[in-house]
Amino acid sequence: MTSKYNPKLIEKEIQKKWDQEKKYESKIDNREKYYCLSMFPYPSGKLHMGHVRNYTIGDVISRYKRMKNFNVFQPMGWDAFGLPAENAAIANKVSPKEWTDKNIENMKAQLRSLGFSYDWSKELRTCDSKYYKWEQLIFKKFYDAGLVYRKKSLVNWDPVDETVLANEQVIDGKGWRSGAQIEIKEIDQWFIKITKYADELLNSLDDLDWPENVKLMQKNWIGKSKGAEIKYKIENSDDCLIAFSTRPDTIFGVSFLAIAPNHPIAIQLSNKNKEIKEFLNKCKEIKAAEADIAKAEKLGIDTNIKVIHPFTKEKIALWIGNFVLLEYGTGVVMGVPGHDLRDYEFAKKYELQINQVIDTGKKSLPIVEKGKLINSQKYDGMTSDEAIKEIINDLVEMNSGSELIQFRLRDWGVSRQRYWGCPIPVIYDEESPKVIEKEEMPIELPELAEGSLPKPLNQNKSFINLENNLQRETDTFDTFMDSSWYYARFTSADNDDDIFDQNTKYWLPVDLYIGGIEHAILHLLYSRFFHKALRDIGLLEGDEPFKRLLTQGMVLKDGAKMSKSKGNTVDPQSYIEKYGADTVRLYMMFTSPPEQSLEWSESSVEGASRFLKKIWNLVDGRKFEIYDIDNNFSKEELTLRRKSHATLKKVENDYEVRFSFNTAIAAIMELINSIPEDFKSENASDYQKFCLNETIIFTLKMLFPISPHISEYLWNNFKVEGSDIESSWPEFKATLIEAEEFELIIQVNGKVRGKINLNKNSTQDMAEQAALTVENVKNFIGPSEIKKTIYVKEKLINFVI
RNA sequence: GGGGAUGUGGUGGAACUGGUAGACACGCUUGGCUUAGAACCAAGUGCCGCAAGGCGUGGGGGUUCGACUCCCUCCAUCCCUACCA
């Protein structure tokens, strides 16, 4: 007697069983290890579709790898510090801690209901001092290793709320809450020398099994470029300005120099000159984000200072430009309007001279490509590359410059003027800072008084002031610090005495890391840096944290990233409740390949559910039996067996090599559709039943990683003696997959005009002759002469007439 | 502005190495079952055309016997742009 598919019931039952058996707690053993990690979530309250997608991918691979007899470690935790908790606290009058704890509880229940095979015994949360005390220790070790320093840096300042705002909190130049015009302010902040590792971060990209586009993004972000630093003497002064340029061959085309608005010279001038002061104030209205600076109208002001061109000795105007970044290079750019688009527009606007010094044959300026030098004195006629070498040589000789390798990558500012983060473990004696000793860690984040709103720590007197006039640092860490080493801490998360232990050694590196493409640069680069720095300190081994990377695309709705602020979110919970976890997981995997963005569509969830019902109806009520049969299968039976084994082969490749779950599912659907009706009937022969059973066994095994509850439940009732569905992956028989015939596609002038079945050992001659007997092919060739015949073995023949 | 992707039926997508474009689904149409509906089952479904056939993978151009796939160019959308995570 068959029953109805009831996901709610069976999913609970199966999950309970997994829990009781502690099935997914991992221990060191002698199998090959596989550390499968999905990016941990920010506990925003509810899982969103992006999470469901991310974690389903991770779970599918983890379960598949377990079936392939790997010792799999799949942990989960919480990236629990961050801005949203503070915002929620202000909006709902709950403390960030309470809000976060509650969210974690909710989301954990959701993750459990989705049937993910996590090792919860290693759960961690970054807002827990058991976690961040080690982060404070890492900071100390970095400090001792000379990787930490203090520097002035820019922040968005809201003058009404008197707080520092994140870039996303500045909307059209105004504070999101107060509506006040923001100001750029310069304050002292802690920096970590990621640039010390710039070369290694660049070079070891080659060894990573990562998507090429991510490697390319990181490469461009690090931005190693070769060029020259060129000294320009300031007229009537002993001082020099040093500009960096990747194109010293254009030096005879320089018509101005521009410095950043926060360059010391600019600030100095603003004290004497009202116009400059006004200009600098105007520059302060553009928020600190690179995109905003780049998109803003290019503005400048002439300082009336002149600098001396090192070759021509001509006087060149010195400008202040709002597009110049002090953080990048020296904060001085040389303007060559003839050969740079941005400089060209700037020169047009302010009517500056535009000189052509490179010739490529192209008529209109600017010419940004390399070419032959003109109007460049003795360098005329040289190619750009020759001239670059010569000019740098001559600059060195004149003591006016040198070759310089420059990185776009900047040091990492880790200070945040916020409450809900890891306190930076520093104490000030007067002005001089000292990182505290390990024994005094953790510096715990002070709890908020009942009902009070989160405020930056510098407003918390009892936190700041210590005995003997000592004062605490009040900045907290950038939350990217928290997420830069959690992958390693997972392995030892239950160890309170040591940051890492023998488990760390066993499980690292992460074999597969899965997360959103939006983290392609920052998070992944910071983590790579952390790993290398921790290696050099002696805390970790190996050069890279993540061996292989899978970046999933965004989940979009109406063409935009799902986000609360856009109000276009779709809550997975209602779908889990209505259809069950297996359907949601199946839908997520079926609807588009993981690396592509997924446009949410309501309607096809139903289809996923329908397919599971179909599987249920096929298997439920059936029992595995051993039949007394020989090898005399009929053609139809062999066709099903071939399909079963071929599907298994394809699915294996799709899961493991291509991460192409949608095509794997499609193949399983095809297999199910191809089962002949009479094989399923009670009157089926033993041969037919044998073939059907084989198909069922393969299908349940193949489906298990994606929809584990229904697969395991049906498997247990179907019962193949002494076996657990997760214990092994079946093996396909290559000899069964081979067919005797193939379909030959017949083309005339590249267009399909016929198809015939041929034996696999047919020669080209035989194929050609057979093809020419096809009526439609004959019609298309007609009386014309066949000029050429292209034959692709066992695939296609093309007659060119 | 810079960097990285993507673009294929009414919809999500498939075509893995330059070799049958549209697998597998969703939706829709027709039929069966049903008093009716839901569910399920069967058939059909890129566009134009009575048909033969022609057209067709964002637009334009190119290479090739053959292009969704390679090259050039333009357009649109998405992600990142160092303080959202």
Side-chain angles (χ1 to χ4, degrees), chain A residues 39 41-42 44 79 82-84 87 154-156 164-170 194 211-214 216-217 219-221 223 287-296 298 323 327 341-342 345 408-413 415-418 478-480 483 516-523 525-526 551 553-554 556 559-561 563 565 587 590-593 595-608 610-611 613-614 617 650 653-654 657-658 660 662-663 665-670 673 743 745-752 755 787-790 792 795-801:
Chain A
M39 289 180 186
Y42 179 81
S44 54
D79 188 13
L83 256 192
N87 298 334
L154 304 179
V155 293
N156 304 309
V164 174
L165 298 181
N167 284 332
E168 80 160 2
Q169 296 176 309
V170 180
I194 188 173
E212 284 308 316
N213 63 328
V214 177
L216 192 57
M217 279 190 254
K219 185 178 171 230
N220 290 335
W221 183 264
K287 75 170 168 174
E290 192 206 55
D292 293 276
I293 295 166
K295 264 184 255 162
K298 313 274 171 293
F323 55 91
E327 288 83 7
L341 188 60
R342 192 186 57 190
E345 283 165 5
R408 205 190 79 97
L409 180 69
R410 310 198 292 255
D411 275 339
W412 178 11
S415 292
R416 294 293 180 271
Q417 297 70 40
R418 297 195 214 299
D478 175 10
T479 54
F480 274 125
S483 57
I517 183 68
E518 67 271 24
H519 294 293
I521 296 173
L522 293 180
H523 163 63
L525 194 67
Y526 291 141
T551 46
M554 310 290 302
L556 309 176
K561 181 174 171 173
S563 72
S565 58
Y587 166 75
F590 181 57
T591 208
S592 77
E595 310 222 57
Q596 267 177 44
S597 58
L598 181 154
E599 171 70 37
W600 175 260
S601 90
E602 196 79 23
S603 50
S604 28
V605 188
E606 196 74 47
R610 206 174 292 168
F611 175 67
K613 275 185 211 155
K614 210 165 162 180
N617 293 334
K650 179 184 169 47
N653 186 56
D654 282 354
V657 182
R658 295 209 305 155
S660 172
N662 56 331
T663 53
I665 294 163
I668 300 170
M669 287 174 168
E670 255 186 273
N673 292 343
E743 190 183 46
I745 306 302
I746 309 159
Q747 297 184 335
V748 179
N749 281 349
K751 294 206 163 123
V752 181
K755 298 170 188 182
K787 289 183 195 146
K788 199 172 170 186
T789 305
I790 288 123
V792 182
K795 212 166 234 171
L796 163 149
I797 192 156
N798 185 13
F799 299 109
V800 184
I801 58 169

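Convention: sequence-line order gives letters A, B, ...; per-chain numbering from 1. Keep in mind that the numbers below use all heavy atoms, side chains included, and drop hydrogens, waters and symmetry copies.
Rounded to a whole Å, the CZ atom of A:Arg416 is 12 Å from the C1' atom of B:A85. Rounded to whole Å, the distance from CD1 on A:Ile665 to C1' on B:A23 is 14 Å. Between A:Leu154 atom CG and B:U81 atom C1' the separation is 16 Å, expressed in whole Å. Here B:G3 presents its C1' atom at 7 Å from CD1 of A:Ile521, a figure rounded to the nearest Å. Summarising the geometry, the separation between CD1 on A:Ile517 and P on B:U81 is reported as 12 Å, rounded to the nearest angstrom.
Counting non-hydrogen atoms under 4.0 angstrom, A:His523 reaches nothing in the nucleic acid. Within 4.0 Å of A:Ala291, counting heavy atoms only, lies at least one base atom of the nucleic acid. At the heavy-atom level, A:Phe480 lies under 4.0 Å from base atoms of the strands shown. Using a 4.0 Å heavy-atom cutoff across all strands shown, A:Gln747 reaches at least one base atom of the nucleic acid. A:Gln417 comes within 4.0 angstrom of a nucleotide base, judged by non-hydrogen atoms across all strands. A:Lys751 comes within 4.0 angstrom of sugar-phosphate atoms only, judged by non-hydrogen atoms across all strands, and of no base. Backbone-only contact: A:Lys795 has heavy atoms under 4.0 Å from sugar-phosphate atoms and none from a base.
By the 4.5 Å heavy-atom criterion applied to side chains, A:Lys650 and A:Thr663 are counted as neighbours. Considering only heavy atoms from C-beta on, A:Asn749 comes within 4.5 Å of A:Val800 through its side chain. Contact annotation: the side chain of A:Val170 never approaches that of A:Asp292 to less than 4.5 Å [non-hydrogen atoms, C-beta and beyond].
Distance noted for atom P between B:U6 and B:C70: 10 Å (whole Å). Spacing of P atoms, B:C28 relative to B:G22, comes out at 24 Å, to the nearest Å. Using atom P as the reference point in both B:C65 and B:A76, the two lie 35 Å apart (nearest Å). Going from the C1' atom of B:A15 to that of B:A67 covers 13 Å, rounded to whole Å. Using C1' as the reference atom, B:C33 and B:G27 are 22 Å apart when rounded to the nearest Å. Look at the C1' atom in both B:C47 and B:G37: the space between them is 35 Å, to the nearest Å. When the C1' atom is compared between B:G62 and B:G13, the two are found 29 Å apart, to the nearest whole Å. Annotation: B:G58 and B:C68 have their C1' atoms spaced 12 Å apart (nearest Å).
Distances were taken from every side-chain heavy atom of A:Asn167 (C-beta onward) to each of B:A82, B:C79, B:A5; the shortest belongs to B:A82. With B:G3, B:A25, B:G19 as the candidates, the nucleotide lying closest to the side chain of A:Ile790 is B:G19. Checking B:C84, B:A21, B:G4 against every side-chain atom of A:Val752, the shortest atom distance belongs to B:A21. Closest to the A:Lys788 side chain, of the nucleotides B:C79, B:C84, B:C65, is B:C65. Set against B:C79, B:A82, B:C84, the side chain of A:Leu409 has B:A82 as its closest nucleotide. When distances are taken from the side chain of A:Asn798 to each of B:U81, B:U20, B:G19, the shortest belongs to B:G19. Among the nucleotides B:U81, B:C24, B:G19, the one closest to any side-chain atom of A:Trp221 is B:U81. Ranking B:A5, B:A82, B:U20 by closeness to the A:Tyr526 side chain, first place goes to B:A82. Among the nucleotides B:C24, B:G66, B:U81, the one closest to the side chain of A:Glu670 is B:C24. Each of B:G1, B:A82, B:C40 was ranked by its minimum atom distance to the side chain of A:Arg610; first place goes to B:C40.
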Could you walk me through whether A:Ile517 and A:Val214 pass side-chain contact (heavy atoms from CB on, under 4.5 Å), step by step?
-> CA-CA 8 Å; A:Ile517 183 68; A:Val214 177; 4.0 Å; yes
Take A:Tyr42 and A:Thr479 through the side-chain contact (heavy atoms from CB on, under 4.5 Å) test and state the conclusion after the steps.
-> CA-CA 10 Å; A:Tyr42 179 81; A:Thr479 54; over 6 Å; no
side-chain contact (heavy atoms from CB on, under 4.5 Å) between A:Asn673 and A:Lys614, worked out = CA-CA 10 Å; A:Asn673 292 343; A:Lys614 210 165 162 180; 2.9 Å; yes
Let me see the working for A:Gln169 and A:Asn156 under side-chain contact (heavy atoms from CB on, under 4.5 Å), right down to the final yes or no.
-> CA-CA 9 Å; A:Gln169 296 176 309; A:Asn156 304 309; over 6 Å; no
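In this structure, A:Val214 and A:Met669 both approach RNA chain B, and ranking their closest nucleotides by distance from the 5' end singles out A:Val214. Looking at which nucleotide of RNA chain B each of A:Ser415 and A:Ala294 is closest to, the 5′-most match is held by A:Ala294.
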Under a 3.5 Å cutoff on both atom distances, Watson-Crick or G-U, what's the dot-bracket for RNA chain B ([ ] crossing, | other strand)?
-> (((((((..(((......[....)))((((((.......))))))(((....)))..(((((..]....))))))))))))....
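Syn is the conformation of B:G9, whose glycosidic angle sits no further than 90° from 0.
Between the base of B:G2 and the side chain of A:Glu290 there is no donor-acceptor pair shorter than 3.5 Å.
A:Phe480 meets the ring-ring contact (aromatic ring centres under 6.0 Å, His included) test with A:Tyr526; sequence neighbours excluded.
OP1 or OP2 of B:G4 has at least one side-chain nitrogen or oxygen of A:Asn220 nearer than 4.0 Å. Phosphate proximity of B:C84 to A:Asn87: absent, as no side-chain N or O sits under 4.0 Å from OP1 or OP2.
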Indicate for each nucleotide in nucleotides 8-18 of chain B, in 5' to 3' sequence, whether protein heavy atoms under 4.0 Å reach the base (B), only the sugar-phosphate (S), or nothing (-).
-> ----BSSSB--
